[in-house]
Amino acid sequence: IEKITLKVNRYIDFSHTRAIVISEAAAKDSLADILVFLERFANINRRSQILIARGNTDDITNLKTEMERASSYYIDSLFENQNSRGLFVHQDVYDFIKMMHSTSGNMLISTVSSENKNVDIGGAAVIKHNKLVGWLNPEETLGINLVLNNVNNVYLSNYEPTLECMVTFKLKKSKSKISLSSNGTIPSLTIKLEAYGDITETSRLVSLDEDKILSVEDNISLLLTEIISKSIEKMQCDYEVDLINTNEYLRKFHPETWDKYKNRWDDIFPLVKFDIDSEVVIKKIGGIK
């Protein structure tokens, strides 16, 4: 940049930056050098989205869409969409720097891929010790976000046996809480999830009485429990990395217990037993009677 200023008679400014796309190869190598650069180079907009491309970055940066002239504006606007928040990760430069330091380089980062002149930001990149180790699909990302309380306005479709049809549930608000069940050789943790939302659609006209609404609530609860369980299982079995802040919970609320595990948490976390308890409350059923 300094060399360019010798040939260009204008001030070079990067405050307009909307998105920073990191290639898959660079992320697999290490994000540490990128972190140092972003920390020291203050001219970049700290609210720029940080993304890891699935494949070649050229497919993203050279993308021409009918909606926006610049791909960066198009990508940035996708993250501002409040619908389906939870199926992706919202990560700007400020968040990236903060998380890289506070979690020792273990985190989820937004992903971006391109196909047929369209961009997809669903899912997440799994970062372990500053390096890309794998990917989560949108549903697996949702499971992690449910535990981290980063979900709103997500639509879930599920078959309801009592109604003999598909039911679409809009999850508008949720709250999870982690608690320690036992602290033996391997700790056991309970995740309690409370979710609230509305029935927005059924695949056929049905009548919903109180008993049927309770049945839908129970089945959506089971669905959320399954989504969270599969996400945590993938974290434990495939990547062996704690991305749901259980280490932070133990450090804050059970320091004596944490002292037992902190020096070998990377080995302990894959063996931790999780008990998932989800409870769904339906607030509205729309025009369905």
Side-chain angles (χ1 to χ4, degrees), residues 18-19 21-22 24 27 47-55 59-60 63 65 67 71 74-92 95-96 99 106-116 118-127 132-159 166-176 191 193-201 219-235 238-239 241 243-245 276 278 280 282:
R18 294 297 187 94
V21 182
I22 302 171
E24 183 175 340
R47 291 304 176 189
S48 303
Q49 297 296 327
I50 288 281
L51 307 106
I52 295 180
R54 299 195 70 161
D59 295 337
I60 308 299
L63 181 70
T65 72
M67 300 181 185
S71 59
Y74 178 50
I75 292 171
D76 185 53
S77 63
L78 289 176
F79 284 96
E80 295 305 318
N81 186 356
Q82 294 300 311
N83 291 324
S84 297
R85 180 66 64 87
L87 299 177
F88 58 86
V89 176
H90 194 285
Q91 188 85 275
D92 59 26
D95 295 328
F96 172 74
M99 291 290 289
N106 298 331
M107 60 194 293
L108 294 179
I109 294 183
S110 309
T111 64
V112 59
S113 59
S114 172
E115 184 177 357
N116 298 326
N118 290 313
V119 165
D120 185 357
I121 61 170
V126 179
I127 309 300
L132 172 67
V133 295
W135 311 93
L136 297 183
N137 63 35
E139 185 174 276
E140 293 162 345
T141 304
L142 173 61
I144 301 300
N145 279 329
L146 283 167
V147 179
L148 297 176
N149 293 314
N150 291 332
V151 174
N152 63 282
N153 294 335
V154 170
Y155 289 88
L156 301 169
S157 293
N158 194 43
Y159 180 74
M166 294 294 293
V167 173
T168 300
F169 173 76
K170 183 179 182 181
L171 196 163
K172 302 179 71 175
K173 180 181 177 183
S174 67
K175 182 180 180 180
S176 71
I191 297 177
L193 176 74
E194 297 178 357
Y196 305 87
D198 307 328
I199 294 177
T200 60
E201 186 180 33
N219 284 320
I220 298 296
S221 297
L222 291 174
L223 175 62
L224 292 176
T225 296
E226 182 181 1
I227 289 173
I228 294 174
S229 297
K230 287 183 177 179
S231 301
I232 293 178
E233 183 180 355
K234 188 154 191 176
M235 291 293 95
D238 291 6
Y239 304 129
V241 57
L243 298 179
I244 56 175
N245 296 338
I276 316 298
S278 300
V280 169
I282 294 174

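Below, all heavy atoms of this structure are taken into account, side chains as well, without hydrogens, waters or symmetry copies. Here the structure is a predicted model, which means the values were calculated and not measured. The first residue in the sequence is number 1, and the count goes up from there.
Note that CZ of F88 and CG of D120 are 11.0 Å apart. Values are rounded to the nearest 0.5 Å. Remark: F96 CZ to M107 CE distance equals 6.0 Å, nearest 0.5 Å. Atom CD1 of I52 sits about 8.5 Å away from atom OG1 of T111, to the nearest 0.5 Å. Taking CD1 of I144 as the reference point, atom CG of N245 lies at 10.0 Å (rounded to 0.5 Å). Taken from CD in Q49 to NE2 in H90, the straight-line distance is 4.0 Å, to the nearest 0.5 Å. Note: L108 CG to N145 CG = 7.5 Å, rounded to the nearest 0.5 Å.
Applying the side-chain contact (heavy atoms from CB on, under 4.5 Å) criterion to S174, with sequence neighbours excluded, gives L146, V151, L171, L193, A195. Listed by chain and residue number, K230 satisfy the salt bridge (charged side-chain N to carboxylate O under 4.0 Å, His left out) test with E226 (two or more places apart in sequence, or in another chain). By the salt bridge (charged side-chain N to carboxylate O under 4.0 Å, His left out) test, R54 is found to be paired with no residue, residues two or more places apart in sequence or in another chain being considered.
With L142 as the fixed residue, the side chain to side chain contact (heavy atoms under 4.5 Å, CB included) test singles out one of L136, V154, N137: V154. The only member of T225, N158, I282 that meets side chain to side chain contact (heavy atoms under 4.5 Å, CB included) when paired with I220 is N158.
Salt bridge absent: K170 and D198 never bring a charged side-chain N and a carboxylate O closer than 4.0 Å.
Within the 4.5 Å cutoff, the side chain of L224 has heavy atoms near those of the L156 side chain. You'll find the side chain of V280 reaches within 4.5 Å of the side chain of F169, heavy atoms only. I232 has its side chain within reach of I191: a pair of non-hydrogen atoms, C-beta onward, lies under 4.5 Å apart.
A distance-only check finds no donor-acceptor pair linking the side chain of S110 to the backbone of L51 [under 3.5 Å]. Looking only at distances, no side-chain donor or acceptor of Y239 sits under 3.5 Å from a matching main-chain atom of I127. Between the side chain of S231 and the backbone N or O of T141 there is no donor-acceptor pair closer than 3.5 Å.
Scanning all heavy atoms of the two residues, the minimum distance from A19 to S48 falls at N-CB, 4.2 Å. In this structure, D92 and R47 approach most closely via the heavy-atom pair OD2-NH1, 2.7 Å. In terms of heavy atoms, S229 sits closest to I276 at OG-CG1, 3.5 Å. Pairing each heavy atom of S176 with each of V147, the nearest pair is OG-O, 2.5 Å. Annotation for W135 and E24: closest pair CZ2-CD, 3.7 Å, computed over non-hydrogen atoms.
Under a cut-off of 6.0 angstrom, the local environment of CD in E139 is sparse, with at most 12 non-hydrogen atoms contributed by other residues, nucleotides or ligands.
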